[in-house]
Number of protein chains: 2
Amino acid sequence: MDTIDTELAARIRDDIIHGVYAEDERLSEAKLCETHQVSRTPVRLALRRLEREGIIQRGEWRGYKIQSPTISDILQAVQVRGHLESLAARLMAQSPTRAEHLPDMAEAIRVIDDLTSQGRLDEDAIHQMQAANKVFHTTMLEACGNEYVNFTCQQISHLPMLAAGSMVFDRRVHDSPDQIERGIFRLRIGNAQHQVIYEAIKHGDAVRAEGMTREHSHTMIEYIETFEKRDESLTVSDLVAYSAAESDLLKS
Amino acid sequence: MDTIDTELAARIRDDIIHGVYAEDERLSEAKLCETHQVSRTPVRLALRRLEREGIIQRGEWRGYKIQSPTISDILQAVQVRGHLESLAARLMAQSPTRAEHLPDMAEAIRVIDDLTSQGRLDEDAIHQMQAANKVFHTTMLEACGNEYVNFTCQQISHLPMLAAGSMVFDRRVHDSPDQIERGIFRLRIGNAQHQVIYEAIKHGDAVRAEGMTREHSHTMIEYIETFEKRDESLTVSDLVAYSAAESDLLKS
DNA sequence: TCACTTTATTTGGGATCCCAAAGTCAAGTC
DNA sequence: GACTTGACTTTGGGATCCCAAATAAAGTGA
């Protein structure tokens, strides 16, 4: 069953990432109990988890220091994740049972291709593409034959942008047809990379699968960096808002 | 400060890995309180951690199922770690500040070279070589410029053989000069790989650094597999005993 | 003897409390 | 005004308890 401490960890993490706390502010158990109207037991459990994730640091008898992830942290973690996914791609390409999973990946590619071909970049299209992207990436992680690749990805998936299938969208693409076209184009590039990965895996070309998966994640890193260059005061919260990862923005 | 729950998690994990519990046995908070003479609070905290590590699985209101890591799990995790280290090697090779860290790596290589040149494989020599190996690997992880490589490695370092610098030793090498020579030879091979990695990093050859680091971890995987082939009833506990990772065996 | 019901026990989630450690603040001294 | 000291407050570690949920055991009737 879902316990209070698990959900609480998610809420506190979200608050930290969205800058609810000041940089020098320290968390305390009592404060969190009051804020979230729970007792200290689930708060303690949640804080241990966040400590393990590296986004708070426990002082001795003196509350918790916040270490909110930075854009740099996210870029580094995305690089690590991409590298892990490249291992998954290589292993899947070498797997004798890979054919079983190719249809799911092919379908995901088709969904994104259909939507981008129609020039759609509305919220519903974004939602569908993100779901398809998630299927593509999680299939690879789960079908590569090494459970610890997926397990290790999960250990860092608490960070923004690190959830399976996270995609970055420039939310301003709605402003003008020119920007919409650029957004669609970028998605098509990404999906073309999906296609190459798929073909490489299908044909057992491990080197190509690995290389293109690595390139695929690098594309995301470069895109995040363009946001950063354009807006030097870009925060993680901003980036999360840009992201199509399952978020409150999408839910609203 | 060290808390009871952190140490308790380590002890329970150790007990699980060493087969103290039967396969079908379930852990309960009350039992662990009794066994370790502590209250439920630190037990609960420790169990949450072990659950996150994947070696126990929480039932709803019904104790915890043990999922002791298998040899296969370890091989998979070592592969993941090796892949992460190959990223660290590549990044370090590309880092403009890499020269600062080369002396530590060179010294580690020298220590292992000296000891193997002397044909030493006694406990003290093993201890020194393991410490040097740890320096070599942790330097690379810490100096690669991406903190999440190290962070991610740490997330799986609870598994046997996944601690930084873990080395596998065939403890029977003490039996005969022939076996000692084979053990020494294998260590020299590994250290020769260290040398290649070092040179590649020194000269900024990222591809070579990455490739050899990957090969280096593969060597360890193959070695573990030789144990497995030789002894089909090999357990994780056996493997830990073979390992030179910091363990009770070495301390005794 | 078997199926069903009832009762007892086990179990974890969470609330609450005690205690020691660390920091803050006010009062006193030089 | 600076420094010291003691009292007070804050804080987390851990112990203990209550409660609901799940399982096991005992009792009952056909």
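Residue numbers start from 1 in every chain, and the chains themselves are labelled A, B, ... in the order their sequence lines are given, proteins ahead of strands. On a predicted model such as this, the values are computed, not experimentally measured, just so you know.
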Q. E228(A) and L75(A): side chain to side chain contact (heavy atoms under 4.5 Å, CB included), yes or no, with the steps?
A. CA-CA 11 Å; E228(A) 212 184 8; L75(A) 288 168; 3.8 Å; yes

Categorize [X] for me: base, sugar-phosphate, or nothing, with a 4.0 angstrom heavy-atom threshold over every strand shown.
| X | result |
| --- | --- |
| L32(A) | nothing |
| R48(A) | sugar-phosphate |
| L45(B) | nothing |
| L8(B) | nothing |

[atom1] of [X] versus [atom2] of [N]: gap in Å, rounded?
| X | N | atom1 | atom2 | result |
| --- | --- | --- | --- | --- |
| I56(B) | dG12(C) | CD1 | P | 10 Å |
| E34(B) | dA15(D) | CD | C1' | 16 Å |
| H36(B) | dA15(D) | NE2 | C1' | 17 Å |
| L47(B) | dG13(C) | CG | P | 9 Å |
| D5(B) | dG13(D) | CG | P | 7 Å |
| E51(B) | dG12(C) | CD | P | 12 Å |
| Y64(A) | dT10(D) | OH | P | 18 Å |

Q. Can we say K31(A) and E25(A) salt-bridge, meaning some charged N sits less than 4.0 Å from an Asp/Glu carboxylate O?
A. yes

Q.
Under 4.0 Å between a side-chain nitrogen and a carboxylate oxygen: does that hold for R49(B) and D5(B)?
A.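 Salt bridge absent between R49(B) and D5(B).
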
Q) Under 3.5 Å, side chain of H83(B) to main-chain N/O of H83(A), donor-acceptor pair present? A)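 Such a contact is found between H83(B) side chain and H83(A) backbone.
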
Donor-acceptor pairs under 3.5 Å, side chain of residues 148-163 of chain B to any protein atom, not counting sequence neighbours: which ones?
unit_1, atom_1, unit_2, atom_2, d
T152(B), OG1, Y148(B), O, 2.5
S157(B), OG, Q154(B), O, 2.9
H158(B), ND1, Q155(B), O, 3.4
H158(B), NE2, E53(B), O, 3.3

Q: From the options dG14(C), dG12(D), dA15(D), select the nucleotide whose nearest atom is closest to the side chain of E29(A).
A: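 Out of dG14(C), dG12(D), dA15(D), the nucleotide with an atom closest to E29(A)'s side chain is dG12(D).
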
Q: Return the minimal non-hydrogen interatomic distance between S237(A) and H18(A), and the atom names on each side.
A: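 Smallest interatomic distance, heavy atoms only, reads OG-CD2, 3.2 Å.
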
Quick one: which protein N/O atoms are closer than 3.5 Å to N/O atoms of nucleotides 16-23 of chain D? Pair and distance per line, please.
unit_1, atom_1, unit_2, atom_2, d
dC17(D), N4, R40(B), NH1, 3.0

Q | Inter- and intrachain pairs under salt bridge (Lys or Arg N to Asp or Glu O under 4.0 Å), touching residues 33-43 of chain A, at least two apart | A |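 Passing the test, one end in residues 33-43 of chain A: E29(A)-R40(A).
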
Q: Would you please confirm or rule out a distance under 4.0 Å between OP1 or OP2 of dG13(D) and any side-chain N or O of R58(A)?
A: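 Looking at the OP1 and OP2 atoms of dG13(D), one of them is under 4.0 Å from a side-chain N or O of R58(A).
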
